[in-house]
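The structure under discussion appears below in the form of structure tokens.
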Amino acid sequence: MRIGVALSATAEGGGVAAPVGNTLYGKPPEAAPDPAEVSPYRAERYEPPTRVDRLPVPRACAVPPEEYPAQARREGFEGDVRLRLLVDAEGRVKEATLLSDPGRGLGPAAVAIARRHCRFEPALREGQPVATEVPFTVRFVLP
């Protein structure tokens with residue numbers, strides 16, 4: 001005795017109607033945005049960190065006092081948050097991934113601070129700016 005499915009046992013033709021396309025984004029806008037406000041799509045020239053000649057160099061990345069997490073401030077808590085940043089070819093942080101979080105709201109605050117306030121000299125590969133990833137520490141210290 002053999003158990004299984006033979007090709008002759010399958011159905012032919014027919015089918016079920018199913019919606020196609022991306023239905024998760026909702027209704028498209030009624031009018032196109034002003035061309036002056038839209039930047040053209042530009043694919044980043046990404047290089048892994050092991051293939052760049054120079055990693056991104058921080059220019060500015062301070063923790064503004066008003067962005068120190070309230071819970072950590074109340075408890076007098078300080079700490080370091082480790083992140084992995086994707087820095088684009090213009091030196092801006094495009095993505096921030098949390099690697100270590102000491103707690104009390106410091107981790108999510110560090111991700112937001114890195115994206116809003118950190119600027120870098122971009123990584124270089126053969127003299128050309130490229131996007132790459134770099135480990136980075138945001139230090140929270142109370143005044």
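When reading the values below, keep in mind they use all heavy atoms of this one structure, side chains included, and skip hydrogens, waters and symmetry mates.
Contact check for Leu124 versus Val130: no side-chain heavy atoms found under the 4.5 Å cut-off. Arg82 has its side chain within reach of Pro135: a pair of non-hydrogen atoms, C-beta onward, lies under 4.5 Å apart. Between Asp101 and Pro108 there is a side-chain heavy-atom pair separated by less than 4.5 Å. Taking 4.5 Å as the limit, every side-chain heavy atom of Phe77 sits out of range of all side-chain heavy atoms of Leu142. In this structure, Pro143 and Tyr68 have side chains that are not in contact, with every pair of non-hydrogen atoms separated by 4.5 Å or more. Taking 4.5 Å as the limit, every side-chain heavy atom of Leu83 sits out of range of all side-chain heavy atoms of Thr97. By the 4.5 Å heavy-atom criterion applied to side chains, Pro56 and Thr132 are counted as neighbours. At a threshold of 4.5 Å between non-hydrogen side-chain atoms, the residues Leu86 and Val93 do not count as touching.
Each of Leu106, Ile113, Val81 was scored for a side-chain contact (heavy atoms from CB on, under 4.5 Å) with Val63, with one residue passing: Ile113. Evaluated for a side-chain hydrogen bond (donor to acceptor under 3.5 Å, both in side chains) with Arg104, the options Glu75, Glu78, Gln71 yield exactly one hit, Glu75.
When the shell of 6.0 Å around CZ of Arg54 is examined, it contains more than 12 heavy atoms from other residues, nucleotides or ligands.
Ala109 approaches Phe140 most closely through the heavy-atom pair CB-CZ, 4.0 Å. Considering all non-hydrogen atoms of both residues, Val87 and Val134 come closest at CG2-CG1, 4.0 Å. In terms of heavy atoms, Glu133 sits closest to Pro49 at O-CG, 3.2 Å. Ser100 and Pro102 make their closest contact through O-CD, 4.1 Å (heavy atoms, listed as atom of the first residue, atom of the second, distance). Ala96 and Leu85 make their closest contact through CB-CD2, 3.6 Å (heavy atoms, listed as atom of the first residue, atom of the second, distance).
Judged by a 6.0 Å distance limit and a 45° cone about the ring axis, Arg59 is not positioned over the six-membered ring of Phe120.
Under a 4.0 Å N-O distance rule, the pair Arg116/Glu67 qualifies as a salt bridge. Salt-bridge check for Glu95 with Arg84: failed, with every basic side-chain N at 4.0 Å or more from each acidic carboxylate O.
At least one donor-acceptor pair under 3.5 Å links the side chain of Asp88 to the backbone N or O of Gly91. Put simply, the side chain of Asp80 never gets that close to the backbone of Thr137: no donor and acceptor are under 3.5 Å apart. Under a 3.5 Å cut-off, the side chain of Arg125 and the backbone N or O of Tyr46 do not form any donor-acceptor pair. Between the Arg115 side chain and the Lys94 main chain, a donor and an acceptor come within less than 3.5 Å of each other.
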